[in-house]
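For reference, the structure is listed below as structure tokens.
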Amino acid sequence: MILGICGSGRKEGNTGAIVEEVLKGTESETELVWLIDLNVGYCTGCMRCASEGNCWQKDGMTDLYKKIIDCEAIVIGSPGYYGDVSGLVKSMMDRSIALGYMGIGKESKTPMHGRKPLAGKPAAIVSTVAGHGFERPLETMERFVSYGEMKLVGKLGAVVGMQDVRELKNVVDEASKLGAKIKEALREKFK
Ligand SMILES: Cc1cc2nc3c(=O)[nH]c(=O)nc-3n(C[C@H](O)[C@H](O)[C@H](O)COP(=O)(O)O)c2cc1C
């Protein structure tokens, strides 16, 4: 399953439309998760995950951890908010620090340096903005991808103005091509 994670609260909005187009382009089994539906609490920075092997918070992230680990590839989308990712995406990324410690528990010999359970997983990142500045949201998500040692397949930033992104054929085409690249990356990985 290829997992899409959308960090916009607008289900008819631009970011979700682009994530959906990328997922469609993979021609694979996909699932789109809307962070707005999940009730994801903030990372408190307690680092209990590093000693306990799990996050103490039981909320929308609990199921999402499993989906992130189990999926074959991941597509993350964020609207640009004040030049960076949305709070929903930031919280999801922050909480994902626990992924590196899951299953390590108290036996961990390297408690401050978790595992990289997402290593090698193909990932794509997309961001839409009204006017300008999709670079930083992409950079922030790229940092998350690279920390997890995932394989960045591609990124897509789109300036949509007041339009509906579905009307911007070049952006839709690019999203679809990005999906095809994920499919190709998976073929390479599993051949
Ligand atoms: C809180 C907030 C901050 C925003 N900041 C920016 C910004 O810095 N630059 C910009 O071009 N658009 C900004 N926008 C506009 C959105 O990035 C843009 O409309 C985006 O396509 C919305 O995605 P969505 O339709 O998926 O919700 C902002 C919107 C909101 C709600």
Side-chain angles (χ1 to χ4, degrees), residues 1-45 59-61 63-65 67-68 71 73-96 118 121-148 150 152-183:
M1 183 269 289
I2 298 172
L3 179 67
I5 299 179
C6 185
S8 166
R10 300 191 325 139
K11 294 200 176 167
E12 304 306 317
N14 297 311
T15 313
I18 290 305
V19 173
E20 272 171 356
E21 205 55 45
V22 176
L23 292 177
K24 215 184 324 159
T26 67
E27 297 177 325
S28 309
E29 186 198 339
T30 63
E31 180 177 344
L32 176 56
V33 166
W34 290 85
L35 294 173
I36 192 79
D37 290 338
L38 294 192
N39 180 31
V40 173
Y42 302 114
C43 175
T44 62
D59 59 11
M61 210 51 208
D63 268 356
L64 190 54
Y65 283 135
K67 284 184 182 170
I68 292 173
C71 72
I74 194 164
V75 181
I76 308 170
S78 179
Y81 282 180
Y82 298 105
D84 214 316
V85 293
S86 66
L88 286 167
V89 168
K90 187 67 168 70
S91 285
M92 180 276 294
M93 293 192 303
D94 292 350
R95 290 285 301 285
S96 293
L118 311 183
K121 198 185 286 283
I125 51 179
V126 306
S127 182
T128 71
V129 294
H132 63 93
F134 56 70
E135 295 82 3
R136 179 85 77 84
L138 289 178
E139 196 184 314
T140 299
M141 290 185 280
E142 189 165 347
R143 190 173 295 231
F144 173 71
V145 166
S146 101
Y147 178 82
M150 289 179 262
L152 185 68
V153 172
K155 49 187 170 179
L156 170 53
V159 175
V160 292
M162 289 300 123
Q163 285 172 283
D164 184 327
V165 77
R166 296 164 191 82
E167 289 160 13
L168 302 177
K169 191 179 174 315
N170 58 329
V171 178
V172 172
D173 285 350
E174 226 186 303
S176 179
K177 279 185 199 147
L178 187 48
K181 278 175 83 175
I182 295 174
K183 186 179 177 188

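As the structure lists them, so they are numbered: ligands from 1, and atoms in each ligand from 1.
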query: Closest heavy-atom contact between Ile74 and Cys71?
result: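 So the minimum-distance heavy-atom pair works out to CB-SG, 4.2 Å.
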Arg95 to Tyr65 - nearest heavy-atom pair and separation: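 Arg95 and Tyr65 have their closest heavy atoms at O-OH, 2.7 Å.
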query: Got a sec: does the CD of Glu12 have more than 12 other heavy atoms crowding it under 6.0 Å?
result: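 Counting neighbours around CD of Glu12, 12 or fewer heavy atoms of other residues, nucleotides or ligands fall under 6.0 Å, so no.
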message: How about CZ on Arg136, more than 12 heavy atoms from neighbouring residues, nucleotides or ligands closer than 6.0 Å, or not?
response: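 12 or below, so no.
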Please indicate whether any nitrogen or oxygen in [X] is less than 3.5 Å from any nitrogen or oxygen in ligand 1.
{"X": "Arg10", "result": "yes"}
{"X": "Gly131", "result": "yes"}
{"X": "Gly83", "result": "yes"}
{"X": "Gly13", "result": "no"}
{"X": "Val160", "result": "no"}

task: Write out the residue and atom name of the closest protein heavy atom to atom 7 (C) of ligand 1, then the distance separating them to 0.1 Å.
output: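 Closest protein heavy atom to atom 7 (C) of ligand 1: Tyr82 N, 3.8 Å.
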query: Which residue holds the protein heavy atom closest to atom 9 (N) of ligand 1, what is that atom called, and what is the gap in Å?
result: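 Residue, atom and distance for the closest contact: His132 O, 3.4 Å.
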- request: Tell me which part of Ser8 gets within contact of ligand 1: side chain, backbone, both or neither, using heavy atoms under 4.0 Å.
  value: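 Looking at Ser8 and ligand 1, just side chain atoms fall under 4.0 Å.
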field: Presence of salt bridge, Lys169 and Asp173, under 4.0 angstrom
entry: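 Result for this pair is yes, salt bridge flagged.
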message: Salt bridge check, Glu21 against Lys24: does any charged N sit closer than 4.0 Å to a carboxylate O?
response: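 Salt bridge present between Lys24 and Glu21.
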Which of the ligand 1 atoms, numbered from 1, are nearer than 4.0 Å to a heavy atom of Thr15: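 Listed by number with element: 23 (O), 24 (P), 26 (O).
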- prompt: So, does Gly133 sit close enough to ligand 1 that a heavy atom of it is under 4.0 Å from the ligand?
  reply: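 No heavy atom of Gly133 comes that close to ligand 1.
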task: Can you spot which of Val75, Val22, Val19, Ile2 makes a side chain to side chain contact (heavy atoms under 4.5 Å, CB included) with Leu32?
output: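 In the set Val75, Val22, Val19, Ile2, the residue that makes a side chain to side chain contact (heavy atoms under 4.5 Å, CB included) with Leu32 is Val19.
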